[in-house]
Participant: 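Here it is, the structure, as structure tokens.
Counting starts at 1 for both ligands and their atoms, in listed order.
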Amino acid sequence: MELSGEHKMIRKMVREFAEAEVKPLASEIDETAEFPWKTIEKMRELRLLGMPFDEKWGGGGTDTLGYTIGVEEISRVCAATGITMAAHTSLGVSPIYEFGNDKQKEKYLPDIVSGRKLAGFGLTEPNAGSDAGGTETTAVRKGDYYIVNGTKCFITNGSVAETFVITAMTDKQARTKGITALIVEKGMPGFRIGKKENKMGIRGSDTAELIFEDCEVPVENRLGEEGQGFKIFLHTLDGGRISIGAMALGIAQAALEASIKYARERKQFGRPIGKFGAIQAMIADMATDVEAARLLVYDVSIAKDKGEDIIRRAAMAKLFASEVAMRATKNAIQIHGGYGYMKEYEIERLYRDAKITVIGEGTSEIQRLVIARDLLGL
Ligand code: COS
């Protein structure tokens with residue numbers, strides 16, 4: 001796909017930044033699982049934490065495709081930083097940007113769109129993963145407040161973000177139509193951060209529990225009406241799935257580039273291993289996969305800005321790109337042989353980082369369910 005001059009510039013700018021500032025830390029934050037605050041500060045200065053939002057709120061003013069390219073480029077060098085950016089932007093900021101009233105936008109957007117404060121999204125619970133409607137967190141109205149009780153788990157940016165949008169049940173009988181979205185802030189009485197997770201991959205990103213114990217959330221922090229929370233969240237996840245597709249694409253691109261470089265340099269049986277058909281086939285398939293994933297992810301990014309229905313296409317792009325990332329990183333290790341298995345070569349990190357993309361923001365099984373339901377209309 002031929003990109004416009006503006007999109008090419010975005011790629012160039014983000015790639016230069018990623019190579020210079022993000023890549024040198026990728027291995028270290030993977031090893032130490034330390035959140036890359038210094039990188040986040042630099043991303044804030046470049047408006048990389050609010051790329052698709054209006055400049056009046058401190059955003060980058062790009063379209064969704066520009067943002068997709070941004071997440072792809074950051075993830076190409078460090079998926080942990082990529083997911084931090086994607087979760088903040090697509091899951092943390094977007095619901096307030098799209099569904100907030102004027103007062104909520106004025107109160108929250110300047111800080112989170114500019115990235116002065118990080119944002120997160122609290123949907124998943126110990127007993128509500130794929131079944132996102134199974135939310136057990138409750139919000140009981142008491143005067144001008146909701147009293148919130150429950151636990152959210154596996155929340156990206158959980159311990160580093162200051163503003164979250166969460167789901168809570170306000171009417172259990174109404175099932176998914178009884179779920180309400182609330183904006184919560186760190187520091188609200190009764191809201192605390194629980195366990196910080198020790199993960200297989202994307203280790204430099206932050207994942208933590210959010211715990212609510214009789215937390216008082218002002219009614220004015222309700223996003224939309226009571227009962228609209230489930231649809232707000234599913235809509236938000238459609239956009240989030242594009243960003244996970246972009247992250248997977250960046251990881252797959254990195255695996256492809258490393259494999260090409262290694263296949264040209266590594267000599268066995270007196271010649272570069274890239275001369276052997278078995279290696280050529282893996283590289284050819286990897287490149288074809290990456291190209292196809294890119295087309296799907298870019299196409300749905302453009303469709304989103306046109307206001308088209310993207311539910312199926314976002315699921316397809318995320319499903320395909322994440323499975324491409326799995327295949328590409330697996331074969332990149334195979335091409336690198338023993339060296340690929342060693343931490344020094346940084347290929348095994350790509351493999352570990354790729355795995356979350358077939359799980360987070362809806363497993364591959366859920367994406368197939370969303371696609372099939374849409375096609376079959378059942
Ligand atoms: N955007 C807006 N509304 C949507 C929607 C979407 N993408 N998808 C469905 N809806 C609506 C439906 O139209 C339905 O509305 P009505 O009741 O008015 O008809 C309502 O939401 C409920 O939908 P549905 O009955 O399909 O809900 P289910 O509980 O059966 O399941 C799935 C929905 C499985 C698709 C949903 O739970 C899901 O996406 N699960 C995965 C969650 C996930 O990704 N978790 C990871 C979070 S990581 S941040």
Participant: Give the single entry among Gln367, Glu361, Arg241 that approaches atom 39 (O) of ligand 1 most closely by any heavy atom.
Facilitator: Arg241
Participant: Output, in order, the C-alpha distance, side-chain angles, deciding distance and verdict of salt bridge (charged side-chain N to carboxylate O under 4.0 Å, His left out) for Glu220 and Lys103.
Facilitator: CA-CA 9 Å; Glu220 63 185 26; Lys103 212 172 148 195; 3.2 Å; yes
Participant: Using the salt bridge (Lys or Arg N to Asp or Glu O under 4.0 Å) rule, pick out the option among Arg15, Lys8, Lys12 that qualifies with Glu73.
Facilitator: Arg15
Participant: For atom 46 (C) of ligand 1, what's the nearest protein heavy-atom neighbour? Residue, atom name and distance, please.
Facilitator: Gly362 N, 3.5 Å
Participant: What protein heavy atom sits nearest atom 35 (C) of ligand 1, and how far away is it?
Facilitator: Val370 CG2, 3.8 Å
Participant: Considering residues, nucleotides and ligands other than Met200, do more than 12 of their heavy atoms fall under 6.0 Å from its CE?
Facilitator: yes
Participant: Checking contacts here: is it the side chain or the backbone of Thr156 that comes within 4.0 Å of ligand 1, counting heavy atoms only? Could be both or neither.
Facilitator: neither
Participant: Ignoring hydrogens and geometry beyond distance, is a side-chain donor-acceptor pair present between Thr167 and Lys152 at under 3.5 Å?
Facilitator: yes
Participant: Please report whether ligand 1 has a polar contact with Thr176, defined as an N or O pair separated by less than 3.5 Å (distance criterion only).
Facilitator: no
Participant: So which of Arg349, Arg352, Lys23 actually passes salt bridge (Lys or Arg N to Asp or Glu O under 4.0 Å) with Asp30?
Facilitator: Arg352
Participant: Please check if a non-hydrogen protein atom sits closer than 4.0 Å to atom 13 (O) of ligand 1.
Facilitator: no
Participant: Taking Phe121 as the fixed residue, which of Phe164, Phe154, Phe233 is the one that meets the ring pair (Phe, Tyr, Trp, His ring centres under 6.0 Å) rule?
Facilitator: Phe233
Participant: Suppose I only count heavy atoms of His235 and a 4.0 Å limit; which atoms of ligand 1 are within that range?
Facilitator: 1 (N)
Participant: Which residue and atom name correspond to the protein heavy atom nearest atom 7 (N) of ligand 1, and how close is it?
Facilitator: Asp238 OD2, 2.9 Å
Participant: Could you name the option among Leu234, Ile244, Leu237 that has the heavy atom nearest to atom 38 (C) of ligand 1?
Facilitator: Leu234
Participant: Do we see a donor-acceptor contact under 3.5 Å between the side chains of Ser90 and Tyr67?
Facilitator: yes
Participant: List for me each residue that meets salt bridge (Lys or Arg N to Asp or Glu O under 4.0 Å) alongside Lys42, sequence neighbours excluded, and say none if there are none.
Facilitator: Glu21
Participant: What residue and heavy atom of the protein are closest to atom 2 (C) of ligand 1, and at what distance?
Facilitator: Lys231 O, 3.8 Å
Participant: Please write down residue, atom name and distance for the protein heavy atom closest to atom 47 (C) of ligand 1.
Facilitator: Thr124 OG1, 3.7 Å
Participant: Taking the side chain from Asn101 and the backbone from Gln104, do they hold a donor-acceptor pair closer than 3.5 Å?
Facilitator: yes
Participant: Can you sort out the partners of Leu369 under side-chain contact (heavy atoms from CB on, under 4.5 Å), two or more places apart, ordered by chain and number?
Facilitator: Arg373
Participant: Hey, is Gly129 one of the residues with a heavy atom under 4.0 angstrom from ligand 1?
Facilitator: yes
Participant: Can you confirm whether some protein heavy atom lies under 4.0 Å from atom 32 (C) of ligand 1, or whether none does?
Facilitator: no
Participant: Tell me whether Leu123 has any N or O atom under 3.5 angstrom from an N or O of ligand 1.
Facilitator: no
Participant: Tell me: protein heavy atom nearest atom 17 (O) of ligand 1, and distance?
Facilitator: Lys177 NZ, 2.5 Å
Participant: Considering non-hydrogen atoms of the protein only, which is the closest contact for atom 29 (O) of ligand 1, and what is the distance?
Facilitator: Phe230 CZ, 3.9 Å
Participant: Identify, for atom 30 (O) of ligand 1, the protein heavy atom at the shortest distance, and state residue, atom and that distance.
Facilitator: Arg373 NH2, 3.1 Å
Participant: Say whether, by atom type as modelled, one donor and one acceptor occur between the side chain of Arg241 and the main chain of Glu361 under 3.5 angstrom.
Facilitator: yes
Participant: Heavy-atom distance to atom 41 (C) of ligand 1: which of Ala128, Ser130, Ala132 wins?
Facilitator: Ser130
Participant: With a cut-off of 6.0 Å (strictly less than), are more than 12 heavy atoms of other residues, nucleotides or ligands near CD of Gln334?
Facilitator: no
Participant: Within ligand 1, which atoms have a heavy atom of Phe121 less than 4.0 Å away?
Facilitator: 49 (S)
